[in-house]
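In what follows, a single structure is set out as structure tokens and then discussed.
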There are 2 protein chains.
Amino acid sequence: MSDTDELLSIRAAELYYEENQTQDEIGVILRLTRWKVGRLLASARANGFIRIEIVHPRARRLPIERRLRESTGLTDAIVVSSAGVSTDAELQSRTAQAAADYLTSLRPIPRTLGISWGRTLHDVSLHLKQGWASGVNVVQINGGVSLNQRTGTAASTAVTIAHKADGSATLLPSPAIFERLETKQAMEADRTVAGVLALARDAQAYVFSAGQADANSALVDSGYLTVDQINDLVARGAVGDVVGRYIDQNGRIVDPELNERTVGIQIDQLRRAPLTIAVISGKTKHAIARAVVRNGLCTVLVTDEDTANALLHD
Amino acid sequence: MSDTDELLSIRAAELYYEENQTQDEIGVILRLTRWKVGRLLASARANGFIRIEIVHPRARRLPIERRLRESTGLTDAIVVSSAGVSTDAELQSRTAQAAADYLTSLRPIPRTLGISWGRTLHDVSLHLKQGWASGVNVVQINGGVSLNQRTGTAASTAVTIAHKADGSATLLPSPAIFERLETKQAMEADRTVAGVLALARDAQAYVFSAGQADANSALVDSGYLTVDQINDLVARGAVGDVVGRYIDQNGRIVDPELNERTVGIQIDQLRRAPLTIAVISGKTKHAIARAVVRNGLCTVLVTDEDTANALLHD
DNA sequence: GGGATCTTCGCTCATCTGAGCAGGGGGACC
DNA sequence: GGTCCCCCTGCTCAGATGAGCGAAGATCCC
């Protein structure tokens, strides 16, 4: 397109989009036929000069969702807009809200829903509306009795989700990671615990988040791992954890011995499940999000625009 | 509007603006009539959820221009968009381009055009196209023989503008500010200089910029004023200079004695002129832009979006 | 419970807009 | 200089959209 046409297309766009003039009226002003004006506007759009943003906490980015589905083979992708977001907390809240919306719209409603725990899942539980579903049995899929003040949140997340769905919660009364393998095996041998784990394995759907592998990890906060241990895992290729288990960018367990001492369903059980919803957002989690998606650990991803774009531009 | 309607309006907007679906198709998807979809989209727009930006160096903000004309009584206002601009230099370049465009579109073409000098005017001269007008006599309206390397730009600005308009340039061969009043008066008594000043007073149109009152002022750079002198002027209320003369926020000369020693047309001559085009942009110039506009020193303002908004939100 | 009032809904109709097509002007190539 | 080809222009026509209107529904107050 010629230079003067480009300039005209901008003038036309100003009158059309900012002044709400009709193409006819613009034609009179710019001394063009209305068809020429229409073509100029089309070229302005084609050249990307017109940027339309939906500025709202619930706004999603459907084109990115579609591209994500196509390029990764995900069953579904939910991408929240980051337009107008200033803090990471706000973005995570939007993502949690979107996850809650997605759960609410799930059909058929899963009778048993396996969930992990953490800040993100807790956020999701708060965003769910009373009556979001009915008769859902929520079961914890990894150990969650924390060693410090976070103690309550793991249980309350499950209870809240279940309560709001007029269902029941089945808690996994176990630490996330044991220091000794023998203790962990003894715990799993307990009939109650074994029953919960069996229920977790048979869940019809899973919702989980993921943690980045760094000193701010929830597993460090909760006292299960030291900063040194995390650094060691990172040195061995860990990008983050899923249901308490650290994986590298190829989705492989980084430390099999540590993995053995971790309570909850295995990574492979997630891989085989028909409906696994990963809720991952924030700049620090791009790497673990990539590992989760690329290695088929989830069938549905709920994330933010920036993370989604990072996945697309690999 | 109800909460669910708000959410629906966002879903509709996503499908309409991002997926290019028709309102009919959206109706099928969301199980609404197409009229409801139309109303939802209208409400999304009314609520400001839809933000449309024209991203282009030549883009202007017509609604802001209109509000500026209405609230200030300016004959014309040109406001360039700051969408996608990262540096102040880029913004100033856009503004200079807009000023060049405005000059080019002026009808009738002024036979005599008075100009000041400085970075901004120089930028305007570079953005003008060869043949932007024909037969314009460009005359300098304030002293511009600089004391250092800037020397050339004042003259070259005038010459370039004139040359590109197939016209002639009349330079004012004088320093901007004299140290002694007597020297200045002697200079003005010179027939050549007096002739130039007379021509400048009779110009049909003026284009000028303005400088902020701080240590980065062009008059300090050029060696006419010291940083101490500027600080003194600021202490006495100066917000910036127009054609080399420092004014306060009420448009009054801050230092009459200094003003007497300054060569060029008077502020009052600008005030009386029928067509005076001020080109002012950048965050540091909000105050001087306000002084110029509020006190009728220009009839046309060419500026950037942020400066314009600052003027509107007084 | 019943009426008054205000909002929301589905629809008609006029207008706006984009797809597609034929004709003409201008440039490229011989 | 002539011819061919391509792109641009102006147009027809059908589809998409917004204004306006009467009816249905919701709400409020008695």
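Letters A, B, ... are given to chains in the order of the sequence lines, protein chains preceding strands, and every chain is numbered from 1. What you are looking at is a predicted structure, and each value in this text was computed from that prediction instead of being measured.
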inquiry  = Tell me the interatomic distance from Gln21(A), atom CD, to dT15(C), atom C1', rounded to whole angstroms.
reply    = 16 Å

key: No-hydrogen, no-angle side-chain donor-acceptor test under 3.5 Å, Thr112(A) and Asn137(A)   = no

inquiry  = If I compare all heavy atoms of Ala12(A) with all of Val37(A), which pair ends up nearest, and what's the gap?
reply    = CB-CG1, 4.4 Å

Tyr17(B) to Asn20(B) - nearest heavy-atom pair and separation = O-OD1, 4.3 Å

message = Nearest whole Å is fine: how far is dC16(C) C1' from Leu41(A) CG?
response = 12 Å

ask   = How long is the line joining OH of Tyr17(A) and C1' of dT17(C), in whole Å?
value = 11 Å

inquiry  = Quick one, Glu19(A) and Glu25(A) - any side-chain contact, counting heavy atoms below 4.5 Å?
reply    = no

inquiry  = Could you tell me how far apart Asn20(A) (CG) and dA19(D) (P) are, to the nearest whole angstrom?
reply    = 10 Å

query = So which of Arg94(A), Arg67(A), Arg60(A), Arg61(A) actually passes salt bridge (Lys or Arg N to Asp or Glu O under 4.0 Å) with Glu305(A)?
reply = Arg61(A)

query = Looking only at N and O atoms, is any donor in the side chain of Arg39(A) or the base of dG10(D) less than 3.5 Å from an acceptor on the other one?
reply = yes

request  = Could you identify which residues of residues 22-36 of chain B place a heavy atom less than 4.0 Å from some atom of DNA chain D, listed by residue number, or say none?
outcome  = Thr22(B), Gln23(B), Arg34(B)

Nearest-nucleotide pick for Arg45(B), side chain only, options being dC9(C), dG10(D), dG18(D) = dG18(D)

query = Are Tyr16(A) and dC16(C) close enough that a side-chain N or O sits under 4.0 Å from OP1 or OP2?
reply = no

inquiry  = Quick check: do Leu68(B) and Leu312(B) have side-chain heavy atoms less than 4.5 Å from each other?
reply    = yes

